[in-house]
Number of protein chains: 2
Amino acid sequence: MDYQKVFQAFNTISPISDQAWADFRPLLESCSLKRNEYLVREGTNVNHCYLLLEGVIRVYYNKDGNEYNKTFFIPGMFPTPLTALISDQPSALSFQALVPSQLLRFSYKGFRGLFDQHRCFESLLLTILEQQWIKKERHDIQMVTNDATDNYLIFRETYPDLENMIPQYHIASYLGITPIQLSRIRAKLLQS
Amino acid sequence: MDYQKVFQAFNTISPISDQAWADFRPLLESCSLKRNEYLVREGTNVNHCYLLLEGVIRVYYNKDGNEYNKTFFIPGMFPTPLTALISDQPSALSFQALVPSQLLRFSYKGFRGLFDQHRCFESLLLTILEQQWIKKERHDIQMVTNDATDNYLIFRETYPDLENMIPQYHIASYLGITPIQLSRIRAKLLQS
DNA sequence: TCCATTCCTTAACATATGTTAATGCACAGG
DNA sequence: CCTGTGCATTAACATATGTTAAGGAATGGA
């Protein structure tokens with residue numbers, strides 16, 4: 001069963017006892033999204049954590065009608081509005097499926113409610129945050145120290161095939177440039 | 001005694017029991033830095049967490065001889081190489097005092113060693129990471145959606161007086177622009 | 001099949017920012 | 001008191017990137 005994938009994902013990060021898993025399992029549900037459907041809309045309240053099984057999710061913020069892509073999630077990742085959940089405030093970010101997507105989800109409060117009984121879940125969340133923190137810092141350093149051309153090449157390595165699945169203006173926004181500029185970069189890369 | 005300030009800082013974030021504090025206290029030490037001295041040098045191993053009592057610390061990364069300022073720490077903050085500590089790898093970042101500074105420090109391993117005995121420390125670290133995560137996300141959104149002029153104005157509000165204590169090229173680097181460009185921005189702001 | 005929509009590309013132009021260099025101020029050390 | 005150093009400012013120029021606009025390929029629906 002697919003639910004087992006959550007166990008594997010969790011247990012790889014930090015060990016989960018059998019009893020803890022048995023108590024957690026009932027929280028799990030499946031969900032799916034069509035192309036361009038939203039997992040989370042900016043300004044709304046959120047309650048769930050997600051594991052992406054199939055598809056692509058983009059996260060972006062919006063200012064004055066302009067969208068700024070922040071990340072892409074591919075299968076195996078947790079496209080979860082962490083900040084909104086832990087601050088218990090409406091999400092500042094939107095999460096949108098760029099292709100038809102399959103996910104598993106569980107209630108954040110339900111998960112958190114297990115902390116007293118099963119400390120391994122608190123350790124798990126701590127470890128996840130630590131890993132995300134490290135990943136984010138490396139990503140930030142990379143984005144600031146490299147130019148758009150290098151970051152585009154790194155993007156292609158980091159998300160194999162993704163380039164062919166989504167419009168290029170989403171990649172441009174992720175890189176912090178216009179689609180026109182990305183097109184120029186691509187043209188230069190081809191001729192060299 | 002100054003050590004008490006760590007207790008206050010901790011306890012404000014997440015409650016610390018008396019016994020936990022008694023066991024933690026012996027880990028605390030004072031340290032101080034002269035102007036331009038380093039708390040952490042890129043590429044070195046690190047062992048401590050810090051609380052800044054007095055002074056200013058900048059964090060930056062280095063690529064091809066160019067320095068990119070990432071953050072400034074002012075009193076009350078924890079200028080700690082978190083990523084290096086939790087990944088147990090040499091620091092990719094440098095931490096440098098920009099003015100004479102006073103700090104308290106404690107061993108990260110010693111702190112972590114108290115987790116089994118005093119769960120409140122694990123909860124504390126989790127809460128710190130959560131708060132930092134939220135803060136970082138807001139900061140990222142702000143930096144990406146605003147232009148350099150707005151970010152400069154926000155910098156001045158976020159770090160009152162800091163502008164007069166450190167060279168402007170450090171602020172320019174933090175904003176992702178050249179000192180010349182910052183100078184142009186300042187000139188425009190003055191004339192309007 | 002045809003048409004409309006979406007999106008990538010290219011060009012021409014405008015603008016913002018980086019680069020190089022010169023000037024002058026302020027401060028610290030001799 | 002003088003002088004050197006570090007830093008901010010300004011100008012002139014080069015370059016990169018954004019903007020506007022047009023054209024054309026691919027795709028999906030009628």
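Remember, it's a predicted structure, so these values are computed and weren't measured experimentally. Proteins come first, then strands; the chains are lettered A, B, ... in the order of their sequence lines, and each starts at number 1.
- With sequence neighbours left out, B:Phe10 forms a ring pair (Phe, Tyr, Trp, His ring centres under 6.0 Å) with B:Phe24, B:Phe106.
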Between the protein and nucleotides 22-30 of chain C, which nitrogen or oxygen pairs come in under 3.5 angstrom?
none

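- For residues 32-46 of chain B, the pairs satisfying side-chain hydrogen bond (donor to acceptor under 3.5 Å, both in side chains) are B:Tyr38-B:Tyr60, with sequence neighbours left out.
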Please list, for nucleotides 16-18 of chain D, all pairs of protein and nucleotide N/O atoms separated by less than 3.5 Å.
from   : atom 1 : to       : atom 2 : distance (Å)
D:dT17 : OP2    : A:Gln181 : NE2    : 2.9
D:dG18 : OP2    : A:Thr178 : N      : 3.4
D:dG18 : OP2    : A:Thr178 : OG1    : 3.0
D:dG18 : N7     : A:Arg184 : NH2    : 2.7
D:dG18 : O6     : A:Arg184 : NH1    : 3.4

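- Note: A:Phe7 and A:Tyr3 fail the aromatic proximity criterion, with ring centroids not under 6.0 Å apart.
- Counting heavy atoms from C-beta on, the side chains of B:Leu153 and B:Asn146 never come closer than 4.5 Å.
- Checking D:dT10, D:dA8, C:dT9 against the side-chain heavy atoms of A:Ser183 singles out C:dT9 as nearest.
- Here A:Gln168 does not reach the OP1 or OP2 of C:dT6: none of its side-chain N or O atoms lies under 4.0 Å away.
- The two residues B:Gly55 and B:Ser101 have their closest heavy-atom pair at CA-OG, 3.5 Å.
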Quiz prompt | side chain to side chain donor-acceptor pair (under 3.5 Å) assessment of A:Arg186 paired with A:Tyr152 | solution = CA-CA 9 Å; A:Arg186 285 158 54 83; A:Tyr152 171 58; 3.0 Å; yes

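- A:Ser123 and B:Glu122 share a side-chain donor-acceptor pair at under 3.5 Å.
- The distance from atom CD1 of B:Ile171 to atom P of D:dA8 is 8 Å, rounded to the nearest whole Å.
- Taking the side-chain hydrogen bond (donor to acceptor under 3.5 Å, both in side chains) definition, one finds that A:His118 meets it with A:Asp23, sequence neighbours left out.
- Direction change of the helix axis from one end of the helix from C:dT1-D:dA30 to C:dG30-D:dC1 to the other is 30°, with five pairs defining each end axis (rounded to 10°).
- Under a cut-off of 6.0 angstrom, the local environment of CD in A:Glu163 is crowded, with over 12 non-hydrogen atoms contributed by other residues, nucleotides or ligands.
- When every heavy atom of A:Phe111 is checked against every heavy atom of A:Leu27, the shortest pair comes out as N-CD1, 3.7 Å.
- Residue B:Tyr169 places no side-chain N or O under 4.0 Å from the OP1 or OP2 atom of D:dA8.
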